[in-house]
Amino acid sequence: MTDSYPKAYIPKSCEEKWYNVWQKNRIYEASAESPKPAYSILMPPPNVTGILHFGHVLNITIQDVFIRWKRMQGYETCWFPGTDHAGIATQARLEKELAKEGLTRYDLGREKFLERVWKWKEEYGGIILRQLRKLGISSDWSRTLFTMDESASNAVREVFVRLFDEGLIYRGKRIINWSPLSQTALSDEEVEFKEIKEHLFTLKYYFVDSNEYLSVATVRPETIFGDVAVAVNPKDERYKRYIGKFVRVPLVGRVVPVISDEYADPTFGTGCVKITPAHDPYDFEVGERHNLPIINSINPDGTLNEVAGQYNGVERFEARARIIEQLKNSHLIEKIESYTHNVGFSQRGGEPVEPYLSDQWFVRMKPLAEIALPPVLDGRIKFYPEHWGKTYQHWLENVRDWCISRQLWWGHRIPVYYTPDGRFTAARSEDEARKRLKLSSEVLLTQDPDVLDTWFSSWLWPLTTMKWLYDGKSETTQDLQKFLPTDLLVTAPDIIFFWVARMIMATMKFKNEIPFKNVYFTSTIRDGLGRKLSKSLGNSPDPLQIIEKYGADATRFTMIYLAPLGQDVRMDIDFKTQDIPSMEIGRNFANKIWNAARFLLLKRDMVFGNEYPIVYNNRVLREQEYSYSDKWIRSRLHSTIKKVNSSLENFKINDYSKILYDFIWRDFCDWYIEILKVELAEGFDPYFKQALMSFALQTFESVLKLIHPIMPFISEELWHLLTNKSEDESISLELNPEINEDFIDVELESNFEIYQLIVEEIRRLRNEIGIEPQKQLDVTLSIEKSNLLDLINNLKATIAFLAKCKKVDVVSKPGNFTKTISSVVREVQINIHLGSEINIEREQARLRKEIERLSKNILSIQSKLENSNFLSKAASEIIEREREKLNSMQDSLNKVQEIYHKLVEL
RNA sequence: GGUGGCUUAGCUCAGAUGGUCGAGAGCGUUCGCCUCACACGCGAAAGGUCACUGGUUCGAAUCCAGUAGCCACCACCA
């Protein structure tokens with residue numbers, strides 16, 4: 001018998017078992033036709049190249065908690081999973097593999113390369129979705145979408161054409177952020193600025209007609225090959241006279257004009273700035289204003305080009321070093337200062353981006369920003385924590401056009417077709433392009449070679465997951481009708497611009513609907529030193545190993561327990577072993593739950609024998625049979641249900657975990673179960689014992705339901721052990737316990753608190769005096785308050801059990817005792833009869849301390865109650881409470897003083 | 001430069017709408033326990049001028065302002 005309930009919870013076997021059962025029974029697949037109200041969540045699609053890290057664990061667990069909780073509240077829940085094709089990351093990954101074979105993508109050619117990527121995707125892509133299953137999540141896997149699936153691609157193409165036709169997508173020659181590593185354009189959002197210590201070089205630009213020169217500062221001397229002018233501020237008296245003259249670009253020898261432009265800041269550097277339109281966005285604007293030529297001196301791979309003469313083909317930073325040498329040798333450098341400034345880096349590749357002039361496709365953002373702002377401002381979409389709304393607003397109000405073309409192969413091909421003479425149109429197919437351009441079938445059309453930014457498909461996620469335009473035509477589907485808008489989006493704040501904002505734009509634009517009602521921004525997880533987790537820092541443990549070691553439930557619970565809304569999380573990480581010791585919180589808690597169940601099961605088997613489960617349902621406590629502790633735990637349970645619901649409703653998921661932790665560990669295990677032991681031992685009537693156990697088991701079943709959203713495996717396992725239900729049934733399809741306000745008894749809870757204080761005080765005194773652990777002493781409690789007296793009398797035996805007393809007497813009047821140490825909690829006097837002489841001095845000292853503490857408190861309350869302002873302005877119930885507090889403390893003080901004086905007399 | 005966040009026990013953090021805080025938890029530390037569910041446990045203890053200054057209020061860890069330190073995001077001028 002005992003063998004069926006091992007002493008410690010073993011997560012592994014039950015996790016595998018139950019996930020397989022859930023999958024087999026397809027219990028988490030949603031029906032759009034269900035009459036139940038809908039509750040839906042979009043899973044932020046991880047990259048196909050991704051592997052599980054702790055950011056996912058937190059993010060995914062939060063979503064699962066809400067989905068499971070709502071499912072148990074009777075909603076038709078649908079959690080849409082999927083993966084993102086992650087253009088740059090995936091292509092880079094495959095190119096790396098090719099490189100091992102000594103190949104580049106160009107060796108294979110576009111078609112072969114893409115075949116290869118697809119093959120890789122089928123084989124290894126989406127490993128992360130399998131890893132997510134280890135967490136026990138209840139997403140609807142039948143609805144899994146990949147952003148390059150045909151249905152999604154159809155929608156992407158359609159959206160592109162529509163925006164193009166509306167003039168919201170345009171092609172333009174602009175300075176964009178170029179990644180030399182990936183050799184593609186990037187959006188502004190994909191650039192990260194870092195502070196870099198470099199040098200500021202002041203170069204000499206000699207006038208063509210004199211020995212004088214202009215001093216021009218630059219941090220990028222390698223761009224001098226693209227210089228087409230030197231600008232000075234028109235108001236700058238120092239340089240006014242040079243405007244219109246010509247200088248020679250150092251080394252290059254090109255003769256360029258000195259122009260006047262407001263852009264030159266007289267207070268910065270020398271006040272002269274070289275203008276290189278091809279390599280700086282501001283210079284580009286200056287060039288446009290002054291009609292200057294544009295000279296590109298850098299290749300897409302980051303090397304200098306033929307314009308740079310001898311530096312042709314030299315990598316940009318290498319070139320810089322060599323150019324400086326040459327400038328030095330030619331005495332063309334006036335000075336070199338160290339200089340700290342911010343440089344843009346490619347978020348993915350990590351290399352400095354190159355401002356690069358090229359033809360790219362852009363989305364006009366203003367009109368989209370205008371429709372995306374109102375739903376957040378008017379509260380249709382709520383952010384948690386709220387303050388992200390400000391960040392969102394600021395971004396939208398200052399948004400710049402979105403560069404969506406990428407010079408990659410892996411991604412959605414831009415649906416634009418060009419004629420040999422340079423005309424073009426967006427179209428759903430080549431045929432359509434031909435029609436649109438009114439071309440005969442002989443004219444050769446070429447499709448744009450570029451692909452779209454990955455986020456151009458991600459922003460349609462709320463729509464494509466629900467099969468919008470899956471065939472390029474259908475504007476609505478059952479899923480859209482049932483599940484849009486979704487209820488909750490859980491995501492990291494760093495993709496608020498990339499993704500959250502753009503989803504709002506797209507969904508508002510194409511469906512005139514919000515994509516989600518609530519957005520929960522997760523915490524950033526950091527190590528003990530406050531650093532973000534990253535592989536390169538070696539502070540990013542593999543969640544699968546942690547799950548292996550501590551269990552999925554433990555991992556889930558710990559993450560939620562540690563991660564309050566809106567606050568970063570610090571996890572102690574053992575860098576050597578890649579262990580996370582704080583996972584013990586969850587593991588120990590799971591073990592505690594397991595053992596509470598084990599206790600109940602053992603007692604159940606004892607009390608019912610083989611009558612279980614036949615008579616189980618007939619054994620019910622009659623109302624008068626409920627003991628104070630039964631009523632207390634029932635009251636606590638219902639208070640807990642209430643708190644659980646309100647914390648989840650307010651997205652305080654961290655509170656939810658703490659409320660249950662405290663309730664289960666403290667209330668249920670430390671007190672209720674301990675008391676139950678006594679009640680079972682005392683009861684003679686087997687029917688009564690069975691009823692008592694039924695109540696305990698039912699209470700525990702409620703506990704399991706409450707904990708299920710965060711600890712799905714152990715709760716499922718125990719629920720089955722407890723109820724003997726068939727494997728086809730699942731606790732996750734049960735309804736949450738309902739609150740019965742009638743069961744919440746505030747007065748009982750407060751009296752019970754005094755009972756707990758009494759037990760604790762006796763234990764404390766025993767410890768303090770050093771009574772041997774096994775020694776049982778007689779205790780007399782004197783209590784005047786009648787309802788408390790009744791409660792304590794009722795629970796007398798449990799006090800004896802919990803505080804190791806031989807006998808507990810309860811009297812209504814304080815007695816006169818010798819060889820006794822006494823203490824007071826609230827209005828109760830506790831007397832422990834030692835049966836031997838006591839250390840009077842020590843007792844006096846102890847009591848003096850108590851008198852002091854009480855007197856201090858009383859004084860502060862008294863002064864409050866004597867304050868007429870307080871009496872006239874404070875709420876009456878506050879005053880009443882203070883009065884009660886004062887009375888209670890006075891009473892305590894009187895009693896302590898009485899004891900003290902008696903000691904003195906001895 | 002702009003915006004937002006944080007600062008409560010040795011450590012990590014709870015402490016909506018100010019009074020129930022007569023400041024809490026977990027870990028760590030100290031002491032005592034293998035008490036018939038659990039040593040992944042039980043019982044107990046020590047440990048805090050709630051960053052600083054001022055204000056609002058009858059009353060502030062909680063609201064406001066300022067200061068300091070830390071963090072994040074945005075903008076980025078040669």
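Proteins come first, then strands; the chains are lettered A, B, ... in the order of their sequence lines, and each starts at number 1.
- Between A/Trp594 and A/Tyr9, the distance separating the two ring centers is shorter than 6.0 angstrom.
- Ion pairing of A/Lys885 with A/Glu882 is present here, as a side-chain N (NZ or NE/NH1/NH2) and a carboxylate O approach within less than 4.0 Å.
- A cation-pi arrangement is found for A/Lys677 relative to A/Phe599, the charged atom lying closer than 6.0 Å to the ring centre and inside a 45° cone about the ring normal.
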> Taking protein heavy atoms under 4.0 Å as touching, what does nucleotides 24-33 of chain B look like 5' to 3' if B marks base contact, S marks sugar-phosphate-only contact and - marks none?
Replying inline: -SS-----S-
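- In a base pair of the Watson-Crick type (N1 to N3 plus N6-O4 or O6-N4) or a G-U wobble (N1-O2 and O6-N3), with each distance short of 3.5 Å, B/C33 is matched with B/G41.
- When distances are taken from the side chain of A/Thr391 to each of B/C13, B/C73, B/G43, the shortest belongs to B/C73.
- In this model, no side-chain donor or acceptor of A/Lys7 finds a partner on the base of B/C38 within 3.5 Å.
- No side-chain donor-acceptor contact under 3.5 Å links A/Arg636 to the backbone of A/Glu749.
- Atom C1' of nucleotide B/G59 and atom CG of A/Leu871 are separated by 12 Å, given to the nearest angstrom.
- One atom, CZ of A/Phe268, and another, C1' of B/A78, lie 6 Å apart when rounded to the nearest Å.
- A/Leu886 places its CG atom 13 Å from the P atom of B/G22, with the value rounded to the nearest Å.
- In the interface, the side chain of A/Glu674 is paired with the base of B/A37 through a donor and an acceptor atom under 3.5 Å apart.
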